[in-house]
Amino acid sequence: MAQEAVGRLPRETLSRWKREQAMLKALVVDRNTEAWQQDPAFAGLQRVGGVDVSFVKGDSAGACASLVVLSYPELEVVYEECRMVSLTAPYLSGFLAFREVPFLVDAVRRLQEKQPSLMPQVLLVDGNGVLHHRGFGVACHLGVLTDLPCVGVAKKLLQVDGLENNALHKDKIRLLRARGDAFPLRGRSGAILGVALKSHDHSTKPLYVSVGHKISLEAAVRLTRSCCRFRIPEPVRQADIRSRDYIRRTLGGPGPLCSGLRAGPGPGAL
DNA sequence: GCGACAG
DNA sequence: ATCTTGTCGC
């Protein structure tokens, strides 16, 4: 299925990607580096960012990359940028960053140019951090390249290092009762790779939170929890909503501009 | 051959 | 990720 993409990749690309991940992994800081991260109320935290990439349905390359910044603790959007991009790398489990991260780094750079005062103090990233095949997921990758604290927030368990979405795991999920309940994800190696977090009182599926860069797992989980009005943390949710909306307005909206570009022959065509 | 496969 | 409407529940 998805791994068919492996065959369409230049011979040496995969090993180059692995080398790059190994190099950059050495630069990851998996502990708190900012004063607000230690504070029980996150005093001093004012801006939380969220990033996401949404796709054009029929197209494997067309996508919209978005970066939003929310005020904290109000969680109101104070900055938004959506941009159509053309993806080049295919999606490969374990190499998500090579597909999406260049565009997210660009978005952060443009924010730095346009509104440096709105630079987020931390980014919530759709995907994993150190909970990854080689301990270097997209949240680590984006963190190292931007030097921003980053948190990985995945919606599904990436089954690595002995972690399995098996009956035992599902039982642990059932034991999560209220928002904030969580359990650690300990890899076969013994290391705690992340936390399964119930982010909403009425959500069945937990969030899988892991360290991206410049934040401890404890602070990452507490921050994620405090950013959740619904299951998905508001910064990521807003980035997702707005990027999909942007695609809809750009390619799906009614009007003469798009009528000739829609799928299939229109009325009157042979 | 079988299962796994963030987004 | 995306394909997809209504529907059941709080």
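Numbers restart at 1 for each chain; the letters A, B, ... are given by sequence-line order, proteins then strands.
- Atom pair A:His133:NE2 and B:dG7:P shows a separation of 12 Å (rounding to whole Å applied).
- If you check every strand for non-hydrogen atoms under 4.0 Å, A:Val138 touches a base.
- Side-chain N/O atoms of A:Lys155 include none lying less than 4.0 angstrom from OP1 or OP2 on B:dA6.
- The side chain of A:Gln159 lies closest to B:dA4, out of C:dT2, B:dA6, B:dA4.
- With rounding to whole Å, A:Leu96 atom CG is found 11 Å from C:dA1 atom P.
- Nearest nucleotide to the A:Asn128 side chain, out of B:dC5, B:dA6, C:dC10: B:dA6.
- A salt bridge is defined here as a Lys NZ or Arg NE, NH1 or NH2 lying under 4.0 Å from an Asp or Glu carboxylate O, and A:Lys155 with A:Asp126 meets this definition.
- Look at A:Asp106 and A:Arg109 and you find a salt bridge, because one of the NZ, NE, NH1 or NH2 atoms lies within 4.0 Å of a carboxylate O, short of that distance.
- Between A:Leu87 atom CG and C:dA1 atom P the separation is 14 Å, expressed in whole Å.
- Ranking B:dA6, C:dT2, B:dA4 by closeness to the A:Lys57 side chain, first place goes to C:dT2.
- When heavy atoms are screened at a 4.0 angstrom cut-off, A:Gly94 is found touching base atoms of the nucleic acid.
- If you take CZ of A:Phe95 and P of B:dA6, they are 13 Å apart, rounded to a whole angstrom.
- The separation between A:Leu163 atom CG and B:dA6 atom C1' is 13 Å, rounded to whole Å.
- Atom CZ of A:Arg83 is separated from atom OG of A:Ser66 by 13.0 Å, given to the nearest 0.5 angstrom.
- Counting only Watson-Crick and G-U wobble pairs whose two distances sit under 3.5 Å, DNA chain B takes part in no stem of three or more pairs.
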Walk me through it: do A:Arg222 and A:Phe42 pass the test side-chain contact (heavy atoms from CB on, under 4.5 Å)? CA-CA 9 Å; A:Arg222 198 156 44 86; A:Phe42 289 132; 3.5 Å; yes

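- To the nearest angstrom, P of B:dG7 lies 11 Å from CG of A:Asp240.
- The separation between A:Phe98 atom CZ and B:dA6 atom C1' is 14 Å, rounded to whole Å.
- Residues from residues 227-239 of chain A lying near DNA chain B, meaning a heavy-atom separation below 4.0 Å, are absent.
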Report the secondary structure of DNA chain C in dot-bracket form, marking unpaired bases with a dot and bases paired to a different strand with |, and treating Watson-Crick or G-U pairs with both distances under 3.5 Å as paired. ..........

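- No side-chain N or O of A:Tyr246 forms a donor-acceptor pair with one of A:Ser54 less than 3.5 Å apart.
- OP1 or OP2 of C:dT2 lies within a sub-4.0 Å distance of a side-chain N or O belonging to A:Arg244.
- For the atom pair CG of A:Leu217 and CD1 of A:Ile192, the computed distance is 8.0 Å after rounding to the nearest 0.5 Å.
- A:His141 has its ring centre no less than 6.0 Å from the ring centre of A:Phe95.
- Between A:Val160 and the options A:Arg134, A:Arg188, A:His132, A:His133, a side chain to side chain contact (heavy atoms under 4.5 Å, CB included) holds for only A:His133.
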Test A:His213 against A:Leu148 for side-chain contact (heavy atoms from CB on, under 4.5 Å), laying out the working first. CA-CA 7 Å; A:His213 188 47; A:Leu148 284 172; over 6 Å; no

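- Separating the NE2 atom in A:His200 from the SG atom in A:Cys228 is a distance of 9.0 Å, to the nearest 0.5 Å.
- Following rounding to the nearest Å, A:Leu158 (CG) and B:dA4 (P) show an atom-to-atom distance of 13 Å.
- Applying the 4.0 Å criterion to OP1 and OP2 of B:dA6, one finds that A:Tyr208 has every side-chain N and O outside that range.
- Using a 4.0 Å cut-off between charged nitrogen and carboxylate oxygen, A:Arg248 and A:Asp245 count as a salt-bridge pair.
- Two residues, A:Asp52 and A:His202, neighbour DNA chain C, and the one matched to the more 5' nucleotide by heavy-atom proximity is A:Asp52.
- With salt bridges taken as basic N to acidic carboxylate O contacts below 4.0 Å, one links A:Arg237 and A:Glu234.
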